[in-house]
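The structure appears below as structure tokens.
Sequence lines set the chain letters: A, B, ... in the order given, protein chains first and strands last, and positions in each chain run from 1.
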There are 2 protein chains.
Amino acid sequence: MPTRVPQENRRRRPTRSGVLLSQGLIVETALRLIGEHGPEALSVRRLGSALGCDPSALYRYFRNTDDLVLAVADRIIGDAMEGFNPGPDWVASLREMALRVRAGYLAHPRAAAMASYRVTRRENEFRAVETGVGLLLSAGFAPDRAVRLYLAFIDTVLSHAAMEAACLALPRQQREADQQAWTEVYQTADSEAYPALSTVRGELHAMAESSFEEAVDLLLAALAAHAPAGQR
Amino acid sequence: MPTRVPQENRRRRPTRSGVLLSQGLIVETALRLIGEHGPEALSVRRLGSALGCDPSALYRYFRNTDDLVLAVADRIIGDAMEGFNPGPDWVASLREMALRVRAGYLAHPRAAAMASYRVTRRENEFRAVETGVGLLLSAGFAPDRAVRLYLAFIDTVLSHAAMEAACLALPRQQREADQQAWTEVYQTADSEAYPALSTVRGELHAMAESSFEEAVDLLLAALAAHAPAGQR
DNA sequence: CACTTTGCGTCAACGGTGTTGACATAAGCG
DNA sequence: CGCTTATGTCAACACCGTTGACGCAAAGTG
């Protein structure tokens, strides 16, 4: 089988349309494709024609589509954390960290949705754990508490972001149908069978929105309340 | 087009292999298929042959694959919430609801991973939302706050549960490798480059455990702190 | 019982997907 | 210059979701 992943700077041959392929170019084109034409636009065949090459040429650079998706995810993580420096306020710093992770995921929802549950123990994650645990230590938590609380924090952030990304990664029709359900199907709920739903009927539209910041802020409030006094 | 979703108790014809189709049977078979062979094993064609019928027969019961997936998700919710009755203590009741949803997801990890972020728009979800919102109303929150806070609560529960389920759905080797990373790779972190990691080195094993209860309890603590006085 | 209606299982087909093995060709080295 | 080999191209395979036409048999009616 000729499928192998080459190192950089091997000899290249331009495609029929004159493009020089590379892992970097392929990853960037994949991100562009997703960004321009929606999540469902990422297929080997479409990627091939966007690059002006035969679809099978991509298998010279990635073992399979999954391999390609992971490469894309790696790029996203790097971009999201780039240039982040925690400040003196540990609550505010954790908050910014949360928002950065989320923004990175939402910028490329489909790739994030596909890779979010995959755990890549790499340098970027190393640095993130170091930063997060360091912030909780600076808040005065003992090491064992700091680790447990960091885990609760980062799992909340990651899982919420992944969920949001997964929603965005749905085909438009399904996503919009899910959102409209709250302002349509749920509005017709029988008042007697569902008294609570009936009471909040006018507010159900909020269900279609994101709960990310609400959840993170609630969690951070609980952390601040549990912290040894006067550390913020 | 002959594609329509029938009500229950319409007349039936046995398939060529003698099975009587029904929405319930199809959903159960789908759950079994996913549980045995993973989410990617769920295709209309495979489901058809597992049921002993032509793939296109399924379109008499579900509009399309997405419709089927939503039905599967709703079944999981229903199984998890079966027999649950909220008590007078709204915090304790929300806590039990969280643990039930989690248990339901962990019982079908692979199906849960693919359905967690969907709005099923079906009866079991209806009842769950009714129960949760009702508990927050009983705590004294105004309707708009109750809806927002319920969303933050249920999203935290669902996304955490989905993340756990996704980890469980990984092949054993990969899952164990991820867990061991905390007691192996992370132990070798350079003390100077990663001072915080170095400080908590002996506690990192906790990272391989679940943060579900910790996160839910932190969130519930924040909710209790925000609640109008004396309602618990 | 016979007749009509129609629910629904089956079949064949369309256009999409990821992936692979065989082949051809050009890049770069000796 | 010729050889080796990396790599782009092609054709093919095995899937996928979905649809429209068809016909059987079960339910409804008298």
Worksheet item: Over how many whole Å does the gap from L51(A) atom CG to dT7(D) atom C1' extend?
Response: 15 Å

Worksheet, complete the sentence: Checking dG18(C), dC11(C), dT9(D) against the side chain of S56(B) (C-beta onward), the nearest is dC11(C)

Worksheet item: Whole-Å distance between dT18(D) C1' and D67(B) CG?
Response: 14 Å

Worksheet item: Are M207(B) and V147(A) close enough that some pair of their side-chain heavy atoms sits under 4.5 Å apart?
Response: yes

Practice prompt. Whole angstrom is fine here: how far is it from CZ in F62(A) over to P in dG18(C)?
Written response: 15 Å

Fill in: Separation of atom CG in D54(A) from atom P in dA22(C), rounded to whole Å
17 Å

Worksheet item: Relative to each other, are the rings of Y186(A) and F126(B) parallel, tilted or perpendicular (30° and 60° limits)?
Response: parallel

Practice prompt. Identify which nucleotide among dT19(C), dC10(D), dG17(D) has an atom closest to any side-chain atom of Y59(B), counting heavy atoms from C-beta outward.
Written response: dG17(D)

Identify all pairs in which a protein N or O lies below 3.5 Å from an N or O of nucleotides 12-16 of chain D, and state each distance.
residue	atom	partner	partner atom	Å
dC16(D)	OP1	S43(B)	OG	2.8

Worksheet item: Counting N and O atoms only, with roles assigned by atom type, does the side chain of R118(B) sit under 3.5 Å from a partner on the main chain of D74(B), one being a donor and the other an acceptor?
Response: no

Discussion item. Quick check: do F212(A) and V157(A) have side-chain heavy atoms less than 4.5 Å from each other?
Written reply: yes

Worksheet, complete the sentence: Taken to the nearest whole Å, CG/L21(B) to P/dC8(C) is 10 Å

Worksheet item: So does E209(B) pair up with R148(A), basic N to acidic O under 4.0 Å?
Response: yes

Fill in: Euclidean distance, atom OH of residue Y61(A) to atom C1' of dA6(D) [Å, nearest integer]
9 Å

Response to the item:
Side-chain contact check for R60(B): nearest option of dA21(D), dT19(D), dT9(D) is dA21(D)

Worksheet entry | Side chain proximity check, L68(B) to L47(B), heavy atoms < 4.5 angstrom | yes

Worksheet entry | Rounded interatomic separation in angstrom, taking CZ from R63(A) and P from dG18(C) | 18 Å

Worksheet item: Do the charged groups of R95(A) and E213(A) touch, with an N to O distance under 4.0 Å?
Response: yes

Worksheet item: How close or far is atom P of dG17(D) from atom CG of L58(B), stated in whole angstroms?
Response: 10 Å

